[in-house]
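Following: one structure in structure tokens, then a few remarks.
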Amino acid sequence: MNTSSTQGIPDTGAVPRHVAIIMDGNGRWATKRFLPRVAGHKRGVESVREAVRACGERGVEYLTLFAFSSENWRRPEEEVSVLMQLFVMVLEQEVAKLDAAGVRLKVVGDLSRFDAKLLELIRRGEAKTAHNTKLTLTICANYGGRWDIMQATHAMLRANPALAAGFTEQDLEPYLSMGYAPEPDLFIRTGGEQRVSNFLIWQLAYTELYFTDTFWPDFDGRALDEAIASYRRRERRFGQTSEQVRERGRAVTPVPETHAAAPATRVDA
Ligand code: IPE
Ligand code: IPE
Ligand code: MG
């Protein structure tokens with residue numbers, strides 16, 4: 001069941017429960033070294049290993065990595081093909097190690113465009129690691145935030161046609177592809193761009209954003225620590241004032257149904 005972060009405010013200074021990363025800058029990392037772009041993707045796999053290890057050590061419970069967006073099919077055919085081969089190779093080589101480290105693997109996205117071999121590896125990887133509890137590693141593959149909201153809406157209405165008359169956020173959330181996880185506390189994008197690129201657009205509503213110029217292949221445990229340290233210095237307020245957060249504890253006050261009866265406050269007073 002989805003435990004929305006917006007139901008309660010995590011303590012300032014706490015380690016983020018859920019870290020979501022746009023692993024960007026592989027191509028530029030390679031180009032800077034006069035290497036083909038795919039060399040950057042290959043080196044990026046090292047950083048994935050490092051991020052999984054470091055998150056496990058630091059007590060992060062959910063790590064979500066954007067590996068391939070629904071828009072990345074627009075890339076040259078050869079690059080897409082190498083990325084798919086890399087995905088197959090990583091699944092073949094890493095699942096046993098992930099399992100030994102207590103990591104539960106999930107792959108989310110529109111998997112219908114992947115070939116049978118990749119689908120079978122994903123299915124087997126998820127099944128083999130399903131019982132693990134140390135860290136949930138989610139790979140977003142052929143994922144798009146808008147696709148997710150649309151597929152969730154369709155799935156919810158298929159399961160419960162009466163909701164066509166009207167539904168709530170809570171009705172929809174279990175059908176989002178990451179309905180098993182709390183919303184991300186910390187979003188990291190490497191590679192210098194400051195955009196969300198159709199990642200978890202629903203779930204990022206109140207996530208703390210962190211951007212770094214470091215290219216993904218250079219992103220190591222220390223870089224992750226810097227991101228986590230930045231997160232821990234922030235006060236999350238979810239619409240409340242700083243005083244409310246500090247004085248009234250961390251339960252979020254429900255948003256009033258109507259503001260009609262609220263006494264008028266002069267903003268120019
Ligand atoms: C991110 O690195 C990896 C994928 C999108 C698969 P890029 O390939 O986007 O690297 P840049 O942004 O071109 O440097
Ligand atoms: C976002 O990176 C997707 C992944 C990291 C998988 P892109 O490099 O594709 O993003 P844009 O197109 O520059 O926004
Ligand atoms: Mg990029």
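Basis for what follows: all heavy atoms, side chains included, without hydrogens, waters or symmetry-related copies. Numbering of ligands and ligand atoms starts at 1, following listing order. Predicted model, so just to flag it, every value in this text is computed and none were measured.
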Exercise. Checking Arg33 against Trp29: charged group under 6.0 Å from the ring centre and within 45 degrees of the axis?
Worked result: yes
Problem set entry | Contact residues of ligand 2, where a non-hydrogen atom lies under 4.0 Å away | Ile22, Met23, Asp24, Phe66, Ala67, Phe68, Ser69, Asn72, Arg75, Arg189, Arg195, Ser197
Problem set entry | Closest Asp24 atom to the Mg ion (ligand 3) [N, O or S only] | OD1
Exercise. Do you see an N/O/S atom of Glu193, backbone or side chain, under 2.8 Å from the Mg ion (ligand 3)?
Worked result: no
Seminar exercise, completed: The complete set of side chain to side chain donor-acceptor pair (under 3.5 Å) pairs with one or both residues in residues 51-63, sequence neighbours excluded, reads Arg17-Glu61, Glu50-Arg53, Arg53-Glu57, Arg58-Asp225
Problem set entry | Between OH on residue Tyr143 and CZ on residue Phe66, distance to nearest 0.5 Å | 7.5 Å
For this session: Can you see which heavy atom on Tyr231 is nearest to which on Val15, and at what distance?
Result: CE2-C, 4.4 Å
For this session: Could you check whether the rings of Phe68 and Trp73 sit parallel, tilted or perpendicular, using 30° and 60° as the cut-offs?
Result: perpendicular
Exercise. Hey, are Arg189 and Glu193 close enough for a salt bridge, meaning a charged N less than 4.0 Å from a carboxylate O?
Worked result: no
For this session: Decide yes or no on salt bridge (Lys or Arg N to Asp or Glu O under 4.0 Å) for Glu243 and Arg246, but give the supporting numbers first.
Result: CA-CA 5 Å; Glu243 289 71 21; Arg246 281 186 242 144; 5.4 Å; no
